[in-house]
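First up is the structure itself, then whatever we jot down about it.
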Amino acid sequence: MADYDRADTRVRRFQNLIDGQSRPAANGCWIDSIDPATGQVWAQIPDGRADDIDAAVAAAKRAFRGPWRQMAAAQRAALLRKVAELVGPRLEELAVIETRDNGKIITDTRAGDIPAIAQMFHYWAGAADKIHGETIQVSPASVNYVQREPIGVVGIIVPWNSPGSVFAAKVGAALAAGNTVVVKPAETASCSILVLAELFEQAGFPPGVVNVVAGLGAEAGDAIAGHPDVGKISFTGSTLTARAITRRSAEAIKPLSFELGGKSANIVFADADLDAAAIGVTTMGIFNGAAGQSCIAGSRILVQRPIYDEMIARMVKIITGIRLGDPMDAASQMGPIALDRQFEKVKSYLDLGRQEGGEALCGGQAGEAVFGAGSPHAGGYFVQPTLFAGLDNQARTVREEIFGPVACVLPFDDAEEAVAIANDSNYGLACGLWTNDLKRAHRMAAAIEAGAVWVNTYRRLHWAVPFGGYKDSGYGRDSGMESLRGYQQTKSVWVDLA
């Protein structure tokens, strides 16, 4: 573990995996990985370009046409299960790497993200040999059946906020469906995925089935999106990047699936359990763990007017008590922003919120002002958890995805108005409802335009439950058997008996 300890100032280099071999980028260049808690370089990743993507896609294509396609589903399942078993012995190593790479607190990566990777691969191992077709009774003179086949080479582009778990969700489903993959992790958080790539080689996967190429999005990511031998793209990230991928891949007319941004509403009614709701819309809803860098963050907090002042008092008390600090410290409840440009973006919204007439009820400070000039974290990308009031749903601070620890609280009168505000958004990823009126909860869940609705809870995810969004939050689903269908194509076979 000394290689990953912050006290050890050596810079570690991680390698790509192409055709079953660990290797640097073909150009010999490297990209620095920054520890967001200190602002210092702690690791380097390969600067993969089009040449590396070409090699990875060629290897994936050979593996798909050769040993992987010819392997029995039960054998593929056994290999996926082996990967799941190999995660456990390296759990602490992976948790520390992910925390150092993107700043998510160690208690979350150690107890949540990394154990979930193993569970996801176990889940997809169980799905691999349960892919069934169907027969259709068209006429007595023919036999008609439908079979589901893999697409081929799948390009997977992974974000920086939860790289390990998103990698497992997408790669597990694609492999269970019988595809081979080329994965491009985010250049700012690639290290944990490059280590996970080693597990496929150790598990005995045929060379070329899983390939991981680190590099810049404009280079490696663009090469995947436009590659003629990549049969599908699965991407999690920003809506802006998804539009660029759509344009780049249009010529090849390849299927796409996108899990994108969000500006989710978290709605509290007067009849709710206010103690639970206050925690649910603050620490659970947005602030703890990933410092608001979550597509499902409940950054629009809607509170019914009769309890508006009381809820604000409860929320401010909780938010001001959140311990912001070193993500490697198990006592920290919130860590830094993952990268410098995102840090600057979040700071700009702190200024914008005030310019638009909002009042920062708590927080509002960033950078050196958080800890002071003498702190070892003065150079880190820290932003205080911030709650704005006094803005309406048309303010940019309320409407635009900030992807940081900034929430806005808005009042509403009744369920009809709450639904109208919640749906008045370009996004439609998630929504939270806090009420003891079960009938109202069901009516609202049906009316809300979002891919996930939580009632009296928030941020509940599971590998067996499909996840994705409406509108600018994307299309297609990760997790669950519906995700598996997204990595398959359907063939109809007709046999004439006349």
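Worth saying up front: this structure is predicted, and the values here are computed from it rather than measured.
Contact detail for Leu350 and Ala366: the closest heavy-atom pair is CD1-CB, 4.2 Å. Of all the heavy atoms in Thr239 and Gly261, the pair that sits closest is OG1-N, 3.9 Å.
Note that CD of Glu401 and OH of Tyr349 are 9.0 Å apart. Values are rounded to the nearest 0.5 Å. Atom OG in Ser299 sits 4.0 Å away from atom NZ in Lys263 (nearest 0.5 Å). The distance from the CG atom of Asn211 to the CZ atom of Phe200 is 11.0 Å, given to the nearest 0.5 Å. Atom CG of Leu80 sits about 5.5 Å away from atom CG of Leu175, to the nearest 0.5 Å.
Taking the six-membered ring where the residue is Trp, the centroids of Phe14 and Trp30 are separated by 6.0 Å or more. Ring to ring, Trp68 and Phe64 are not that close: their centroids are 6.0 angstrom or more apart.
Two residues are said to be in side-chain contact when any heavy atoms from C-beta on lie closer than 4.5 Å; Gln488 and Pro150 fail this criterion. A 4.5 Å side-chain heavy-atom check between Phe205 and Lys82 finds every atom pair outside the cut-off. With contacts defined as side-chain heavy-atom distances shorter than 4.5 Å, the pair Ser238/Leu260 does not qualify.
One finds no salt bridge joining Glu344 and Arg341 here, because no Lys/Arg side-chain nitrogen approaches an Asp/Glu carboxylate oxygen to under 4.0 Å. A salt bridge is absent between Asp52 and Arg23; no separation between the charged side-chain nitrogens and carboxylate oxygens falls under 4.0 Å. Ionic pairing of Arg485 and Glu482 is not present here: no N-O contact between side-chain nitrogen and carboxylate oxygen is shorter than 4.0 angstrom. Look at Arg90 and Glu198 and you find a salt bridge, because one of the NZ, NE, NH1 or NH2 atoms lies within 4.0 Å of a carboxylate O, short of that distance.
For Asp222, the salt bridge (Lys or Arg N to Asp or Glu O under 4.0 Å) partners are Arg248, not counting sequence neighbours. Contacts of Glu149 classified as salt bridge (Lys or Arg N to Asp or Glu O under 4.0 Å), with partners at least two apart in sequence or in another chain: Lys491.
If you check the side chains of Asp32 and Gln44, you find a donor sitting under 3.5 Å from an acceptor. Residues Lys184 and Ser190 have side chains that never bring a donor and an acceptor to within less than 3.5 angstrom of each other. For the residue pair Glu98 / Ser192, a side-chain donor-acceptor distance below 3.5 Å is found, with atom types taken as modelled. Looking only at atom types and distance, the side chain of Gln394 has a donor-acceptor partner in the side chain of Asp424 under 3.5 Å away. In this structure, a donor-acceptor pair under 3.5 Å is absent between the side chains of Asp478 and Ser483. Tyr123 and Ser479 are not linked by any side-chain donor-acceptor pair at a separation below 3.5 angstrom, with hydrogens and angles left out of the test. Counted by atom type alone, Asn393 and Arg300 present one or more donor-acceptor pairs between their side chains at under 3.5 Å.
Residue pairs meeting the salt bridge (Lys or Arg N to Asp or Glu O under 4.0 Å) criterion with at least one member in residues 109-120, sequence neighbours excluded: Glu92-Arg110, Lys104-Asp113.
Proximity of a side-chain donor or acceptor of Ser348 to a complementary backbone N or O of Lys345 within less than 3.5 Å is detected. With Arg396 contributing its side chain and Glu356 its backbone, the two residues share no donor-acceptor pair below 3.5 Å. Looking at Arg76, its side chain does come within 3.5 Å of a backbone N or O of Met71 through a donor-acceptor pair.
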Steps toward side chain to side chain contact (heavy atoms under 4.5 Å, CB included) verdict (Ile18, Val213): CA-CA 7 Å; Ile18 299 175; Val213 179; 4.0 Å; yes
Run the numbers on Cys408 and Thr397 for side chain to side chain contact (heavy atoms under 4.5 Å, CB included), then give the verdict. CA-CA 8 Å; Cys408 299; Thr397 309; 3.9 Å; yes
Hey, mind stepping through Asp101 and Trp42 against side chain to side chain donor-acceptor pair (under 3.5 Å) and telling me if it holds? CA-CA 8 Å; Asp101 221 16; Trp42 82 279; 3.3 Å; yes
List the steps, then state whether ring pair (Phe, Tyr, Trp, His ring centres under 6.0 Å) holds for Phe121 with Trp463. CA-CA 9 Å; Phe121 281 117; Trp463 41 87; over 10 Å; no
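A cation-pi arrangement is absent between Lys471 and Tyr427, since the terminal nitrogen or guanidinium carbon is not both under 6.0 Å from the aromatic centre and inside a 45° cone about the axis.
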